[in-house]
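Below, chains carry the letters A, B, ... as their sequence lines are ordered, and counting in each starts from 1.
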Amino acid sequence: MIALIKDLHSHVGQAVTLQGWLYHRRDSGKIAFLLVRDGSGLCQCVVSKSEQTESFFESARRLGQESAIRVTGTVRADPKQVGGHEIDVSGLEVVGASENYPITNKPHGIDFLFKNRHLHFRSRRQWAILKVRATLVDEIRGYFNRNGFTLIDTPIFAPAAGEGAQTLFTVDYFGEPVYLAQTGQLYVEAACMAFGKVYCFGPTFRAEKSKTRRHLTEFWMVEPEIAYAELDDVIAVAEDFICSIVQRVLKDNRPELEFLGRDLSKLEKIQKPFNRLTHKEAADILRGPRAKEMLENDLATKSARIEEIKKLVAEKEAKEKSQGIKQWEKDKIVQELADLREELDDLQVDVQNIPHHIKLAASFDENGDLGGSDETIISRLHERPTFVTHYPRGCKAFYMKQNASDPTRVNNVDLLAPDGYGEIIGGSQREENLDVLLSRIHEEGLNPADYEWYLDLRRYGTVPHGGFGLGVERTLAWLCGLKHIRETIPFPRMMGKFYP
RNA sequence: UCCCCGAUAGCUCAACGGUAGAGCGGCCGGCUGUUAACCGGUAGGUUGUAGGUUCGAAUCCUACUCGGGGAGCCA
């Protein structure tokens, strides 16, 4: 009987066949341990040398990493082992051989791993992240489908769209330049006038020359848009939506999140109501004593940690060179040293940047946009996600609704994830007034002729409406507690990188 | 576009102006409970590219290429 590793708990004592790949192998003369993965989990399979296993014992102990194999044997519960079960092997079939698999169990550099991304996501950590991604994507669709939103697919080839053509990829479209879409927003605005509540979900493209842990050139975004909605309605949906995502991932992916080392208590704190600040209030916080104090504390604790690490590094280096040390101890020390040095590098960059961040925050212009470091400060001061609303008109897109009581501000909202993960949602109420919209288009130096269809939406039954966009990869990085966004997508596309 | 760091065996790294090395991975052998197993043996190199300094360059200098991190910009 063919079984999945994740279902072995219901097959204890039975003979089953696993169809999978050899994740790792250890052997010791007359016994071989095959750690098998089948896409649903990992299970150690034990081959003892005996009459029964004679025909395949030799080939079993020579199997290369990632050989495709069918393993038959009896399931035994063993809480010590990965997954809680072990199989005593009675039959083995090699389906596809594998020799010299490049990704070994020793450390590799990220350049190498991402050149081998097609193999890299077979490994446990990457597998866990992409399992959470699948849940996240499913919940995104599920949430909007359950709540009366209609899926509308928006085009990927876009004519010169609203917000600065420098950040778009150009494509030759039968001799004419078109752009890869960086948002479906203008199109879902049209669609919400037909369907009431809609969303689009697909890849978007940004040609920004950014090489940071927060950037991809191709990433996925979901963009709900709601007719007869004002800013507070948009915020209420965003809040409910985020809670629903967090709950679902906590329900379905606890083992994966634990394996990734995520502090689940932090996710469990993601409950309504989220914090709400206006941009002006955020400015006050940034310029106030709390922000400064936090950053100065950071500086002190990080500097102290740097000294501590330097000491540890010196100790371990000495130990590594000392005599009579076992090879495995040496390996362990080398790995610890590498980890410490990486932490040290990160800390040194932080420490170098903090004084700059203090200055930026203290001199924050309340008529300017929030910078990356400002977002980090705001989000670090709060355990729950924080909505920041009513940004200055000048630093936001032309289509955002001008605030009725303060025309220098717009009815927009950004959602900052906790723990310094930054902006995961950007949204707004849209300007539904034709004249105001036209004057904003002129103000931004855009050509109204490019937006005729969009202006039609204000001519034929315009209503207050709004929506937001959520970046899947940044959200996933936050949910999984990852340092770098490139791990959140199967095949990352980054500046200068598009292989494999 | 700017700033910092890096490139040595398949992989991770050492060698710091004087004979290119270790561990892992590969291959051969040994070991019946391993958890990055262990032990012995073995193969494996145009030190990113081009120039320069020097009796001598992986090592110093210059340029370039590629990569990492950050700033700006952004989800």
For nucleotides 5-13 of chain B, give me every protein contact, N/O to N/O, under 3.5 Å, one pair per line with atom names.
residue : atom : partner  : partner atom : Å
B/rC11  : O2'  : A/Pro107 : O            : 3.4
B/rC11  : O2'  : A/His108 : ND1          : 2.4
B/rU12  : OP1  : A/Gly109 : N            : 2.8
B/rU12  : O4'  : A/Pro107 : O            : 3.3

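Per the geometry, CZ belonging to A/Phe57 stands 10 Å off P belonging to B/rC31, to the nearest Å. One can place CG of A/Asp27 at 12 Å from P of B/rC27, the figure rounded to the nearest angstrom. One interatomic measurement links the two molecules: NZ of A/Lys209 to C1' of B/rG70, which rounds to 18 Å at whole-angstrom precision.
With both pairing distances under 3.5 Å, B/rA7 is matched to B/rU65 as a Watson-Crick or G-U wobble pair. Checking B/rC2 for Watson-Crick or G-U wobble geometry (two distances, each under 3.5 Å) identifies B/rG70 as its partner.
The base of B/rC73 does not come close enough to the side chain of A/Asp369 for any donor and acceptor atom to sit less than 3.5 Å apart. Contact of A/Glu99 with B/rG25 (side chain to base): no donor-acceptor pair of N or O atoms is detected under 3.5 Å. Between the base of B/rU34 and the side chain of A/Gln81 there is a donor-acceptor pair shorter than 3.5 Å. The base of B/rC74 sits within donor-acceptor range of the side chain of A/Arg474, with an N or O pair under 3.5 Å.
Atom NZ of A/Lys302 has more than 12 heavy atoms from other residues, nucleotides or ligands within 6.0 Å.
Taking the 5.5 Å centre cut-off and the 30° plane limit, the aromatic side chain of A/Phe219 is classed as stacked on B/rA75.
Taking the ring centroids of A/His279 and A/Phe364, they lie under the 6.0 Å cut-off. The ring of A/Phe121 has its center no closer than 6.0 angstrom to the ring center of A/Trp127. In this structure, A/Tyr179 has its ring center no closer than 6.0 Å to that of A/Phe205.
The side chain of A/Arg26 places no N or O atom within less than 4.0 Å of a non-bridging phosphate oxygen (OP1 or OP2) of B/rC38. A/Arg76 has no side-chain polar atom (N or O) that falls below the 4.0 Å cut-off from OP1 or OP2 of B/rG33. OP1 or OP2 of B/rA71 lies within a sub-4.0 Å distance of a side-chain N or O belonging to A/Arg214. In this model, the phosphate group of B/rC27 is not approached by any side-chain N or O of A/Arg62 to a distance below 4.0 Å at OP1 or OP2.
Of the two residues contacting RNA chain B, namely A/His484 and A/Ile424, the nearest-nucleotide position lying further toward the 5' end is that of A/His484.
Taking a cutoff of 4.0 Å between a charged side-chain nitrogen and a carboxylate oxygen, A/Arg380 and A/Asp298 qualify as a salt bridge.
For A/Arg384, the salt bridge (Lys or Arg N to Asp or Glu O under 4.0 Å) test picks out no residue, with sequence neighbours left out.
Ring orientation note: the planes of A/Phe241 and A/Phe144 are tilted relative to one another, at an angle of 30° to 60°.
Comparing B/rA75, B/rU35, B/rA36 by their closest approach to the side chain of A/Ile485 singles out B/rA75.
Using a 4.0 Å heavy-atom distance criterion, A/Glu223 is classed as making no nucleic acid contact.
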